[in-house]
Amino acid sequence: MSRLSDYPVTRRWPPKHPDRLQLYSSPTPNGVKISIALEELGLPYEAHRLELSRNESREAEFVALNPNARIPAILDPDGPGGVPLALWESGAILVYLAEKTGRLMSPDTATRHQTLQWILFQVSAVGPNFGQLGYFHKHAGRAIEDKRPRDRFVAEARRVLGVLNAALEGRDWLVGADAGEYSIADIATLGWVRALVTSYDAGDLVGMDDFTNLNAWLERGLARPAVQRGLVIPGATATAERPAGYGGWPRGH
């Protein structure tokens, strides 16, 4: 497809700024990865919030963009060779944005692969285990009387937290020489660790206070202005925009 208008998703969520990267997302731990990255990179983008409670990610126009029917997804009008690129899976999108801009992922081959290592750890271990713990502890699964499923994911969450905590010993960020450099590896993981404590109310359950390195890392990450902006993804009723050419939307919308 050579034009944005060729994509059915643009008919369901019409872009006001078709020259900007289009983000289709919601404020979930996976969803905020991409808005945080876009804010950090300063890329002009237009966000479209999908209401998951109304199953909007399963509507035909979005499924035509992402056959897995999950957020986030992007549509970049300025893809490789100037041709629009549709992309889904948050880890793949993070790598694409880093490579597109030459930022948030070191060009050094070894460091680049270490970054990919932590991205894959997030999508294979952090997200699945924390998400299942959230289901059994905070959401529908809490009604199940047998607590063995919940306890299994409590144990796995603690193991994963321990891996992260050990990796951050004497370091500010997950990847890079010495204290490390902030990268898409940190962005991929921040929202999930935050959700474990805030959205899932599982901080005490997993003994979050035991992981001092991880808590300090989380505090550093959440203090970043771009992270604070990226955690708020606008809904369709948002009215105020930032100046033209600026990525993202005002906080609170």
Side-chain angles (χ1 to χ4, degrees), residues 1-52 56-57 59 61-105 115 119 123 182-184 186-188 190-191 224-251 253:
M1 300 184 188
S2 59
R3 298 173 302 174
L4 229 59
S5 59
D6 294 334
Y7 291 84
V9 73
T10 64
R11 296 191 286 275
R12 174 62 177 84
W13 289 277
K16 295 180 180 179
H17 305 282
D19 57 322
R20 302 182 187 179
L21 186 148
Q22 305 294 305
L23 169 64
Y24 306 91
S25 195
S26 293
T28 70
N30 276 334
V32 299
K33 295 178 194 176
I34 310 307
S35 51
I36 289 172
L38 288 166
E39 290 287 343
E40 291 281 8
L41 294 167
L43 280 173
Y45 73 99
E46 183 175 355
H48 305 275
R49 177 168 174 167
L50 275 67
E51 293 297 340
L52 303 183
E56 289 186 344
S57 67
E59 294 184 13
E61 295 89 348
F62 184 75
V63 173
L65 179 69
N66 178 4
N68 195 38
R70 296 290 188 271
I71 58 92
I74 64 168
L75 186 51
D76 185 0
D78 184 28
V83 178
L85 174 69
L87 199 61
W88 48 278
E89 280 299 319
S90 58
I93 297 170
L94 285 175
V95 173
Y96 170 71
L97 294 176
E99 292 183 343
K100 177 183 176 74
T101 60
R103 295 175 55 201
L104 295 178
M105 184 165 63
T115 305
I119 293 285
V123 300
Y182 181 74
S183 73
I184 56 173
D186 301 290
I187 292 172
L190 272 167
R224 296 177 69 90
V227 172
Q228 295 170 13
R229 294 193 301 268
L231 287 170
V232 182
I233 298 177
T237 57
T239 56
E241 293 185 53
R242 286 189 180 151
Y246 194 97
W249 292 71
R251 239 198 206 174
H253 291 267

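Separation of atoms CD1 (I34) and CG (L21) is listed at 9.5 Å; rounding is to 0.5 Å. Summarising the geometry, atom CZ belonging to R103 is positioned 8.0 Å from atom CG belonging to L43; distances are rounded to the nearest 0.5 Å. Between the OG1 atom of T101 and the CG atom of L41 there is a distance of 4.0 Å, given to the nearest 0.5 Å. Remark: I184 CD1 to I36 CD1 distance equals 13.0 Å, nearest 0.5 Å. Atom CG of L97 sits about 11.0 Å away from atom OH of Y45, to the nearest 0.5 Å.
Between the side chain of R11 and the backbone N or O of E61, no donor-acceptor pair lies under 3.5 Å. No donor-acceptor pair closer than 3.5 Å links the side chain of S57 to the backbone N or O of L52. Not one N or O on the side chain of Q22 forms a donor-acceptor pair closer than 3.5 Å with the backbone of P14. Judged purely by atom type and a 3.5 angstrom limit, E46 uses its side chain to pair as donor or acceptor with the backbone of K16. A donor-acceptor pair under 3.5 Å is absent between the side-chain atoms of S183 and the main chain of M105, judged by distance alone.
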Which side-chain N or O atoms in residues 74-87 pair as donor and acceptor under 3.5 Å with protein atoms at least two apart or in another chain?
from : atom 1 : to   : atom 2 : distance (Å)
D76  : OD1    : D78  : N      : 3.0
D76  : OD2    : Y96  : OH     : 2.7
D76  : OD2    : K100 : NZ     : 2.9

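Judged as a salt bridge (Lys or Arg N to Asp or Glu O under 4.0 Å), and not counting sequence neighbours, the contacts of E99 are R112. Applying the salt bridge (Lys or Arg N to Asp or Glu O under 4.0 Å) test to R70 and every residue at least two apart in sequence or in another chain returns nothing. Among residues two or more places apart in sequence or in another chain, the salt bridge (Lys or Arg N to Asp or Glu O under 4.0 Å) test is passed with E89 by none. For Y182, the ring-ring contact (aromatic ring centres under 6.0 Å, His included) test picks out W173, with sequence neighbours left out. Among residues two or more places apart in sequence or in another chain, the ring-ring contact (aromatic ring centres under 6.0 Å, His included) test is passed with F62 by none.
Contact record, S26 with I71: N-CD1, 3.9 Å, taken as the closest heavy-atom pair. In this structure, G191 and V32 approach most closely via the heavy-atom pair CA-CG2, 4.3 Å. Closest approach of E40 to A226, counting heavy atoms only: CD-CB, 3.4 Å. Closest of all the heavy-atom pairs between A37 and L104 is O-CD1, 4.4 Å. Closest approach of P67 to W88, counting heavy atoms only: CD-NE1, 3.6 Å. V63 and A69 make their closest contact through CG2-CB, 4.0 Å (heavy atoms, listed as atom of the first residue, atom of the second, distance).
Remark: E56 engages R12 in a salt bridge, criterion side-chain N to carboxylate O under 4.0 Å.
Of the candidates I93, T28, V123, I119, V123 is the only one forming a side-chain contact (heavy atoms from CB on, under 4.5 Å) with K33.
Residues R49 and P27 meet the side-chain proximity criterion, which asks for heavy atoms closer than 4.5 Å.
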